[in-house]
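Notes to accompany the following structure.
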Amino acid sequence: MTTSLTIRRPDDWHVHLRDGAILDVVAQYTARQFHRAIVMPNLTPPITTVEAARAYRERILAAVPDGIAFDPLMVCYLTDNLDPEEIRRGFASGVFTAAKLYPAGATTNSDSGVTDVANIRGVLEVMAEVGMVLCVHGEVTHADIDIFDREAVFIERVLRPLLDDLPELKVVFEHITTADAVRFVEQSGPNVAATITPQHLHINRNAMLVGGIRPHAYCLPVAKREEHRLALRRAATSGNPKFFLGTDSAPHAREAKESACGCAGIFNAPFALESYLAVFEAENALDQFEGFASLHGPAFYGLPVNEESVTLEKAECSVPGAIEAAGTELVPFHAGETLGWRFAG
Ligand SMILES: NC(=O)N[C@@H](CC(=O)O)C(=O)O
Ligand SMILES: [Zn+2]
Ligand SMILES: [Zn+2]
(Lines give C-alpha, C1' and ligand atoms only; values in the text may rest on other atoms or scores of the structure.)
(Ligands and ions follow the chains in the order given, each with its own letter.)
Protein backbone atom coordinates (compact mmCIF):
# COMPACT_ATOMS: atom_id res chain seq x y z
CA MET A 1 0.00 0.00 0.00
CA THR A 2 1.25 3.47 -0.88
CA THR A 3 1.70 5.52 2.29
CA SER A 4 3.32 8.60 0.86
CA LEU A 5 3.44 10.34 -2.49
CA THR A 6 6.07 12.82 -3.64
CA ILE A 7 5.49 14.78 -6.83
CA ARG A 8 6.79 17.93 -8.46
CA ARG A 9 5.19 20.96 -6.83
CA PRO A 10 1.79 21.51 -8.47
CA ASP A 11 0.34 24.72 -9.87
CA ASP A 12 -3.26 25.92 -9.64
CA TRP A 13 -4.46 26.94 -13.11
CA HIS A 14 -7.60 28.73 -11.85
CA VAL A 15 -7.99 30.44 -8.49
CA HIS A 16 -9.72 33.46 -6.95
CA LEU A 17 -7.52 35.16 -4.37
CA ARG A 18 -9.80 38.21 -3.95
CA ASP A 19 -8.35 41.46 -2.60
CA GLY A 20 -7.88 43.44 0.61
CA ALA A 21 -8.38 41.72 3.96
CA ILE A 22 -9.63 38.45 2.42
CA LEU A 23 -6.59 38.25 0.14
CA ASP A 24 -4.38 38.54 3.21
CA VAL A 25 -6.07 35.46 4.68
CA VAL A 26 -6.51 33.22 1.63
CA ALA A 27 -3.30 33.75 -0.35
CA GLN A 28 -1.26 31.68 2.10
CA TYR A 29 -3.37 28.56 1.50
CA THR A 30 -2.75 28.58 -2.24
CA ALA A 31 0.91 29.56 -1.82
CA ARG A 32 1.47 26.73 0.65
CA GLN A 33 0.55 23.99 -1.83
CA PHE A 34 1.17 25.51 -5.26
CA HIS A 35 4.11 27.25 -6.85
CA ARG A 36 2.20 29.15 -9.52
CA ALA A 37 -1.44 30.09 -9.89
CA ILE A 38 -3.52 31.58 -12.64
CA VAL A 39 -5.20 34.36 -10.65
CA MET A 40 -8.69 35.27 -11.75
CA PRO A 41 -9.28 38.96 -12.49
CA ASN A 42 -12.95 39.26 -11.42
CA LEU A 43 -12.36 41.90 -8.77
CA THR A 44 -14.48 45.03 -8.41
CA PRO A 45 -13.46 46.75 -10.59
CA PRO A 46 -12.05 43.94 -12.75
CA ILE A 47 -8.40 43.75 -13.83
CA THR A 48 -8.50 45.14 -17.37
CA THR A 49 -5.15 46.90 -17.72
CA VAL A 50 -1.49 45.97 -17.53
CA GLU A 51 -1.01 48.47 -14.71
CA ALA A 52 -3.88 47.06 -12.63
CA ALA A 53 -2.51 43.53 -13.05
CA ARG A 54 0.98 44.61 -12.04
CA ALA A 55 -0.36 46.32 -8.91
CA TYR A 56 -2.61 43.37 -8.00
CA ARG A 57 0.35 41.01 -8.36
CA GLU A 58 2.29 43.13 -5.86
CA ARG A 59 -0.61 43.00 -3.38
CA ILE A 60 -0.72 39.21 -3.72
CA LEU A 61 3.02 38.88 -3.12
CA ALA A 62 2.71 41.13 -0.06
CA ALA A 63 0.00 38.82 1.31
CA VAL A 64 2.12 35.66 1.01
CA PRO A 65 4.15 34.81 4.13
CA ASP A 66 7.91 35.34 3.88
CA GLY A 67 9.95 32.38 2.76
CA ILE A 68 7.34 30.96 0.38
CA ALA A 69 8.21 31.15 -3.30
CA PHE A 70 4.86 31.82 -4.94
CA ASP A 71 4.45 33.06 -8.49
CA PRO A 72 1.03 34.55 -9.29
CA LEU A 73 0.29 34.54 -13.02
CA MET A 74 -1.96 37.39 -13.98
CA VAL A 75 -5.00 37.38 -16.22
CA CYS A 76 -6.71 40.17 -18.13
CA TYR A 77 -10.50 40.40 -17.80
CA LEU A 78 -11.95 40.83 -21.28
CA THR A 79 -14.66 43.40 -21.86
CA ASP A 80 -16.57 44.36 -24.99
CA ASN A 81 -14.28 47.30 -25.67
CA LEU A 82 -10.84 46.21 -24.50
CA ASP A 83 -8.06 47.50 -26.78
CA PRO A 84 -6.23 44.58 -28.46
CA GLU A 85 -2.99 46.53 -27.99
CA GLU A 86 -3.39 46.33 -24.20
CA ILE A 87 -3.37 42.53 -24.54
CA ARG A 88 -0.38 42.57 -26.88
CA ARG A 89 1.57 44.88 -24.55
CA GLY A 90 0.63 42.95 -21.40
CA PHE A 91 1.61 39.60 -22.88
CA ALA A 92 4.85 40.87 -24.42
CA SER A 93 5.91 42.42 -21.09
CA GLY A 94 5.17 39.17 -19.23
CA VAL A 95 2.50 40.73 -17.00
CA PHE A 96 -0.47 38.92 -18.57
CA THR A 97 -0.16 35.15 -18.86
CA ALA A 98 -3.72 34.72 -20.13
CA ALA A 99 -6.98 36.56 -20.76
CA LYS A 100 -10.36 35.60 -19.43
CA LEU A 101 -13.70 35.42 -21.18
CA TYR A 102 -16.60 35.89 -18.81
CA PRO A 103 -19.88 35.92 -20.68
CA ALA A 104 -21.62 38.98 -19.19
CA GLY A 105 -23.77 37.95 -16.24
CA ALA A 106 -22.56 34.33 -16.09
CA THR A 107 -21.00 34.36 -12.63
CA THR A 108 -19.58 36.40 -9.72
CA ASN A 109 -18.45 39.87 -10.88
CA SER A 110 -19.04 39.18 -14.55
CA ASP A 111 -21.26 42.19 -15.22
CA SER A 112 -18.49 43.90 -17.21
CA GLY A 113 -17.90 40.71 -19.18
CA VAL A 114 -18.37 40.09 -22.87
CA THR A 115 -21.89 40.36 -24.30
CA ASP A 116 -20.98 38.75 -27.64
CA VAL A 117 -17.65 37.20 -28.66
CA ALA A 118 -17.93 39.08 -31.95
CA ASN A 119 -17.11 42.18 -29.88
CA ILE A 120 -13.68 40.81 -28.93
CA ARG A 121 -12.72 39.39 -32.35
CA GLY A 122 -9.75 41.80 -32.59
CA VAL A 123 -8.45 40.78 -29.17
CA LEU A 124 -8.80 37.07 -29.95
CA GLU A 125 -6.95 37.51 -33.25
CA VAL A 126 -4.01 39.05 -31.39
CA MET A 127 -4.10 36.23 -28.84
CA ALA A 128 -4.09 33.56 -31.56
CA GLU A 129 -1.21 35.38 -33.25
CA VAL A 130 1.00 35.63 -30.14
CA GLY A 131 -0.01 32.27 -28.62
CA MET A 132 -1.71 33.66 -25.51
CA VAL A 133 -4.15 31.41 -23.65
CA LEU A 134 -7.84 32.31 -23.51
CA CYS A 135 -9.45 31.09 -20.26
CA VAL A 136 -13.17 30.60 -20.67
CA HIS A 137 -16.06 30.50 -18.23
CA GLY A 138 -18.14 28.33 -20.52
CA GLU A 139 -21.78 29.03 -19.84
CA VAL A 140 -24.42 30.86 -21.84
CA THR A 141 -26.53 33.27 -19.87
CA HIS A 142 -29.82 33.46 -21.78
CA ALA A 143 -32.79 33.35 -19.43
CA ASP A 144 -34.43 30.67 -21.58
CA ILE A 145 -31.59 28.16 -21.08
CA ASP A 146 -31.88 25.92 -18.04
CA ILE A 147 -28.97 26.45 -15.65
CA PHE A 148 -28.03 22.76 -15.83
CA ASP A 149 -27.74 23.01 -19.64
CA ARG A 150 -25.75 26.23 -19.85
CA GLU A 151 -22.35 24.60 -20.31
CA ALA A 152 -23.48 22.14 -23.00
CA VAL A 153 -25.27 24.91 -24.90
CA PHE A 154 -22.20 27.15 -24.64
CA ILE A 155 -20.15 24.52 -26.48
CA GLU A 156 -22.46 24.49 -29.49
CA ARG A 157 -23.39 28.16 -29.61
CA VAL A 158 -20.09 29.80 -28.68
CA LEU A 159 -17.03 27.61 -28.26
CA ARG A 160 -17.25 25.42 -31.36
CA PRO A 161 -17.97 28.37 -33.68
CA LEU A 162 -15.16 30.36 -32.02
CA LEU A 163 -12.63 27.59 -32.62
CA ASP A 164 -13.88 27.08 -36.18
CA ASP A 165 -13.24 30.77 -36.73
CA LEU A 166 -9.83 30.87 -34.97
CA PRO A 167 -8.54 27.28 -35.04
CA GLU A 168 -5.11 28.24 -33.67
CA LEU A 169 -6.43 29.95 -30.53
CA LYS A 170 -5.27 28.31 -27.29
CA VAL A 171 -8.30 27.80 -25.07
CA VAL A 172 -8.67 26.50 -21.54
CA PHE A 173 -12.27 25.46 -21.00
CA GLU A 174 -12.37 26.13 -17.29
CA HIS A 175 -13.97 24.26 -14.43
CA ILE A 176 -15.75 21.81 -16.72
CA THR A 177 -18.77 20.05 -15.25
CA THR A 178 -20.24 17.86 -17.99
CA ALA A 179 -19.54 14.77 -20.07
CA ASP A 180 -20.29 17.04 -23.05
CA ALA A 181 -17.33 19.25 -22.16
CA VAL A 182 -15.06 16.24 -21.64
CA ARG A 183 -15.99 14.93 -25.09
CA PHE A 184 -15.56 18.32 -26.72
CA VAL A 185 -12.07 18.77 -25.27
CA GLU A 186 -11.03 15.22 -26.15
CA GLN A 187 -12.16 15.71 -29.74
CA SER A 188 -10.58 19.15 -30.19
CA GLY A 189 -7.02 19.85 -31.30
CA PRO A 190 -4.04 20.10 -28.93
CA ASN A 191 -4.74 23.83 -28.48
CA VAL A 192 -7.84 23.06 -26.38
CA ALA A 193 -7.59 21.89 -22.77
CA ALA A 194 -9.69 21.99 -19.60
CA THR A 195 -9.33 22.48 -15.87
CA ILE A 196 -11.29 20.40 -13.38
CA THR A 197 -12.10 21.45 -9.79
CA PRO A 198 -12.07 19.17 -6.76
CA GLN A 199 -15.73 19.80 -6.03
CA HIS A 200 -16.90 18.65 -9.45
CA LEU A 201 -14.98 15.41 -8.93
CA HIS A 202 -16.53 14.86 -5.49
CA ILE A 203 -20.11 16.02 -5.65
CA ASN A 204 -23.10 15.91 -7.93
CA ARG A 205 -26.16 18.13 -7.68
CA ASN A 206 -27.69 15.99 -4.95
CA ALA A 207 -25.02 17.29 -2.57
CA MET A 208 -26.55 20.72 -3.00
CA LEU A 209 -30.22 19.87 -2.83
CA VAL A 210 -30.97 16.62 -0.97
CA GLY A 211 -32.03 16.84 2.68
CA GLY A 212 -32.01 20.64 2.63
CA ILE A 213 -30.37 23.31 0.52
CA ARG A 214 -26.61 23.44 1.09
CA PRO A 215 -25.19 26.75 0.00
CA HIS A 216 -21.58 25.70 0.57
CA ALA A 217 -21.93 23.15 -2.25
CA TYR A 218 -23.10 25.85 -4.65
CA CYS A 219 -20.70 27.13 -7.25
CA LEU A 220 -20.81 27.94 -10.94
CA PRO A 221 -20.99 26.11 -13.19
CA VAL A 222 -23.37 24.30 -10.88
CA ALA A 223 -22.67 20.62 -10.12
CA LYS A 224 -24.54 18.32 -12.51
CA ARG A 225 -25.89 14.74 -12.52
CA GLU A 226 -23.84 11.76 -11.38
CA GLU A 227 -23.05 10.61 -14.94
CA HIS A 228 -21.24 13.91 -15.48
CA ARG A 229 -19.24 13.63 -12.28
CA LEU A 230 -18.13 10.16 -13.37
CA ALA A 231 -17.06 11.46 -16.78
CA LEU A 232 -14.97 14.15 -15.07
CA ARG A 233 -13.32 11.59 -12.79
CA ARG A 234 -12.44 9.47 -15.80
CA ALA A 235 -10.99 12.47 -17.65
CA ALA A 236 -8.96 13.76 -14.69
CA THR A 237 -7.42 10.38 -13.92
CA SER A 238 -6.94 9.26 -17.54
CA GLY A 239 -3.46 10.67 -18.04
CA ASN A 240 -4.72 12.74 -20.99
CA PRO A 241 -2.60 15.95 -20.91
CA LYS A 242 -5.62 18.02 -21.97
CA PHE A 243 -7.01 17.84 -18.43
CA PHE A 244 -5.30 19.54 -15.51
CA LEU A 245 -5.73 21.00 -12.06
CA GLY A 246 -7.59 24.26 -11.49
CA THR A 247 -9.25 24.52 -8.09
CA ASP A 248 -11.54 27.48 -8.76
CA SER A 249 -11.18 28.16 -5.05
CA ALA A 250 -13.65 31.03 -4.64
CA PRO A 251 -14.08 32.26 -1.07
CA HIS A 252 -17.16 34.19 0.00
CA ALA A 253 -17.97 35.25 3.56
CA ARG A 254 -20.22 32.78 5.37
CA GLU A 255 -23.07 35.28 5.53
CA ALA A 256 -22.85 35.89 1.78
CA LYS A 257 -23.22 32.13 1.14
CA GLU A 258 -25.86 31.46 3.79
CA SER A 259 -28.32 33.95 2.43
CA ALA A 260 -31.62 34.18 0.59
CA CYS A 261 -29.52 34.87 -2.51
CA GLY A 262 -26.27 33.09 -1.77
CA CYS A 263 -23.06 33.69 -3.73
CA ALA A 264 -21.60 31.05 -6.04
CA GLY A 265 -18.18 29.75 -5.12
CA ILE A 266 -16.50 27.03 -3.04
CA PHE A 267 -13.43 27.77 -0.93
CA ASN A 268 -11.28 24.69 -1.47
CA ALA A 269 -7.73 26.11 -1.28
CA PRO A 270 -6.88 24.98 2.29
CA PHE A 271 -7.09 21.24 1.46
CA ALA A 272 -7.00 21.28 -2.32
CA LEU A 273 -4.35 18.61 -2.90
CA GLU A 274 -5.79 16.34 -0.21
CA SER A 275 -9.19 16.64 -1.88
CA TYR A 276 -7.92 15.82 -5.38
CA LEU A 277 -5.76 12.98 -4.13
CA ALA A 278 -8.75 11.27 -2.49
CA VAL A 279 -10.27 11.05 -5.97
CA PHE A 280 -7.14 9.67 -7.61
CA GLU A 281 -6.81 7.06 -4.88
CA ALA A 282 -10.44 5.98 -5.18
CA GLU A 283 -9.96 5.66 -8.95
CA ASN A 284 -6.77 3.60 -8.50
CA ALA A 285 -4.87 6.28 -10.34
CA LEU A 286 -2.25 7.59 -7.92
CA ASP A 287 0.29 7.20 -10.72
CA GLN A 288 -1.62 9.77 -12.79
CA PHE A 289 -1.73 12.43 -10.08
CA GLU A 290 1.55 14.15 -10.88
CA GLY A 291 0.59 14.57 -14.53
CA PHE A 292 -2.75 16.17 -13.65
CA ALA A 293 -1.40 18.34 -10.83
CA SER A 294 2.10 19.29 -11.98
CA LEU A 295 2.90 18.45 -15.61
CA HIS A 296 -0.04 18.92 -17.98
CA GLY A 297 -0.73 22.55 -17.05
CA PRO A 298 2.83 23.84 -17.64
CA ALA A 299 3.01 21.86 -20.89
CA PHE A 300 -0.16 23.51 -22.18
CA TYR A 301 0.91 27.00 -21.12
CA GLY A 302 4.42 26.46 -22.52
CA LEU A 303 6.04 26.99 -19.12
CA PRO A 304 8.73 24.92 -17.37
CA VAL A 305 7.69 22.37 -14.77
CA ASN A 306 8.54 23.18 -11.16
CA GLU A 307 11.80 21.83 -9.78
CA GLU A 308 10.76 21.60 -6.12
CA SER A 309 8.61 18.74 -4.87
CA VAL A 310 5.82 18.23 -2.33
CA THR A 311 4.86 15.18 -0.31
CA LEU A 312 1.46 13.92 0.73
CA GLU A 313 1.20 11.28 3.44
CA LYS A 314 -1.52 8.79 4.05
CA ALA A 315 -2.79 10.11 7.37
CA GLU A 316 -6.03 11.49 8.74
CA CYS A 317 -6.59 15.11 7.89
CA SER A 318 -9.44 16.87 9.70
CA VAL A 319 -10.97 19.78 7.87
CA PRO A 320 -12.22 22.52 10.21
CA GLY A 321 -15.83 23.66 10.07
CA ALA A 322 -14.76 27.23 9.39
CA ILE A 323 -11.71 29.45 9.02
CA GLU A 324 -11.59 32.91 10.60
CA ALA A 325 -11.09 35.63 8.05
CA ALA A 326 -11.14 39.38 8.45
CA GLY A 327 -14.05 39.60 10.86
CA THR A 328 -16.04 36.85 9.19
CA GLU A 329 -15.71 33.12 8.53
CA LEU A 330 -14.97 31.12 5.42
CA VAL A 331 -16.39 27.61 5.25
CA PRO A 332 -13.93 25.37 3.41
CA PHE A 333 -14.84 22.53 1.06
CA HIS A 334 -15.12 19.26 3.07
CA ALA A 335 -15.82 21.27 6.28
CA GLY A 336 -16.06 18.90 9.23
CA GLU A 337 -14.90 15.87 7.22
CA THR A 338 -11.76 13.81 7.65
CA LEU A 339 -9.71 13.21 4.51
CA GLY A 340 -7.30 10.32 4.07
CA TRP A 341 -4.21 12.20 2.89
CA ARG A 342 -2.30 15.01 4.54
CA PHE A 343 -0.14 17.60 2.82
CA ALA A 344 3.28 17.32 4.45
CA GLY A 345 5.03 20.17 2.64
N1 LIG B 1 -16.94 29.49 -9.44
C2 LIG B 1 -17.77 30.23 -8.74
O3 LIG B 1 -18.83 29.74 -8.35
N4 LIG B 1 -17.50 31.52 -8.43
C5 LIG B 1 -16.38 32.30 -8.87
C6 LIG B 1 -16.51 32.77 -10.28
C7 LIG B 1 -16.31 31.70 -11.35
O8 LIG B 1 -15.25 31.07 -11.40
O9 LIG B 1 -17.20 31.48 -12.16
C10 LIG B 1 -16.22 33.49 -7.94
O11 LIG B 1 -15.46 34.42 -8.25
O12 LIG B 1 -16.85 33.50 -6.88
ZN1 LIG C 1 -16.07 30.69 -13.76
ZN1 LIG D 1 -13.46 30.69 -11.00
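Order of appearance sets the numbers: ligands from 1, and atoms from 1 within every ligand. Residues take their numbers from the sequence shown, with the count starting at 1. If you're wondering where the values come from, they're calculated on a predicted model, not measured in any experiment.
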Check ligand 1 for close polar pairs with the protein: N or O on both sides, less than 3.5 Å.
| from | atom 1 | to | atom 2 | distance (Å) |
| --- | --- | --- | --- | --- |
| ligand 1 | 1 (N) | L220 | O | 2.9 |
| ligand 1 | 1 (N) | D248 | OD2 | 2.7 |
| ligand 1 | 3 (O) | L220 | N | 2.7 |
| ligand 1 | 3 (O) | A264 | O | 3.3 |
| ligand 1 | 3 (O) | G265 | N | 3.1 |
| ligand 1 | 4 (N) | A264 | O | 3.1 |
| ligand 1 | 8 (O) | H16 | NE2 | 3.0 |
| ligand 1 | 8 (O) | D248 | OD1 | 3.1 |
| ligand 1 | 9 (O) | T107 | OG1 | 2.7 |
| ligand 1 | 9 (O) | H137 | ND1 | 3.0 |
| ligand 1 | 11 (O) | H16 | ND1 | 3.2 |
| ligand 1 | 11 (O) | R18 | NH1 | 2.9 |
| ligand 1 | 11 (O) | R18 | NH2 | 3.4 |
| ligand 1 | 11 (O) | N42 | ND2 | 2.8 |
| ligand 1 | 12 (O) | R18 | NH2 | 2.8 |
| ligand 1 | 12 (O) | T108 | OG1 | 3.0 |
| ligand 1 | 12 (O) | H252 | NE2 | 2.8 |
| ligand 1 | 12 (O) | A264 | O | 3.1 |

* **Among the N, O or S atoms of H137, the one nearest the Zn ion (ligand 2)** => ND1
* If you take all heavy atoms of T311 and S4, which pair is closest and at what distance? -> CG2-OG, 4.0 Å
* To do: Please calculate the NE2(H16)-the Zn ion (ligand 3)-NE2(H14) angle and round it to 10 degrees.
  => 110°
* Mind listing the closest non-hydrogen atom pair of S318 and T338 along with its distance? => OG-OG1, 4.2 Å
* To do: Mark yes or no: K242 above the aromatic ring of F244, with NZ or CZ under 6.0 Å from the six-membered ring centre and no more than 45 degrees from the axis.
  => no
* **Carboxylate-amine/guanidinium proximity below 4.0 Å for R8 and E307** => yes
* Which is the closest N/O/S atom of D248 when seen from the Zn ion (ligand 3)? -> OD1
* Asked: What distance do S275 atom OG and L201 atom CG have between them, rounded to the nearest 0.5 Å?
  -> 7.5 Å
* To do: Kindly state whether the ring of F343 and the ring of F271 have centres lying under 6.0 angstrom apart.
  => no
* To do: Run the salt-bridge test on D165 and R121 with the 4.0 Å N-O cut-off and return the result as yes or no.
  => yes
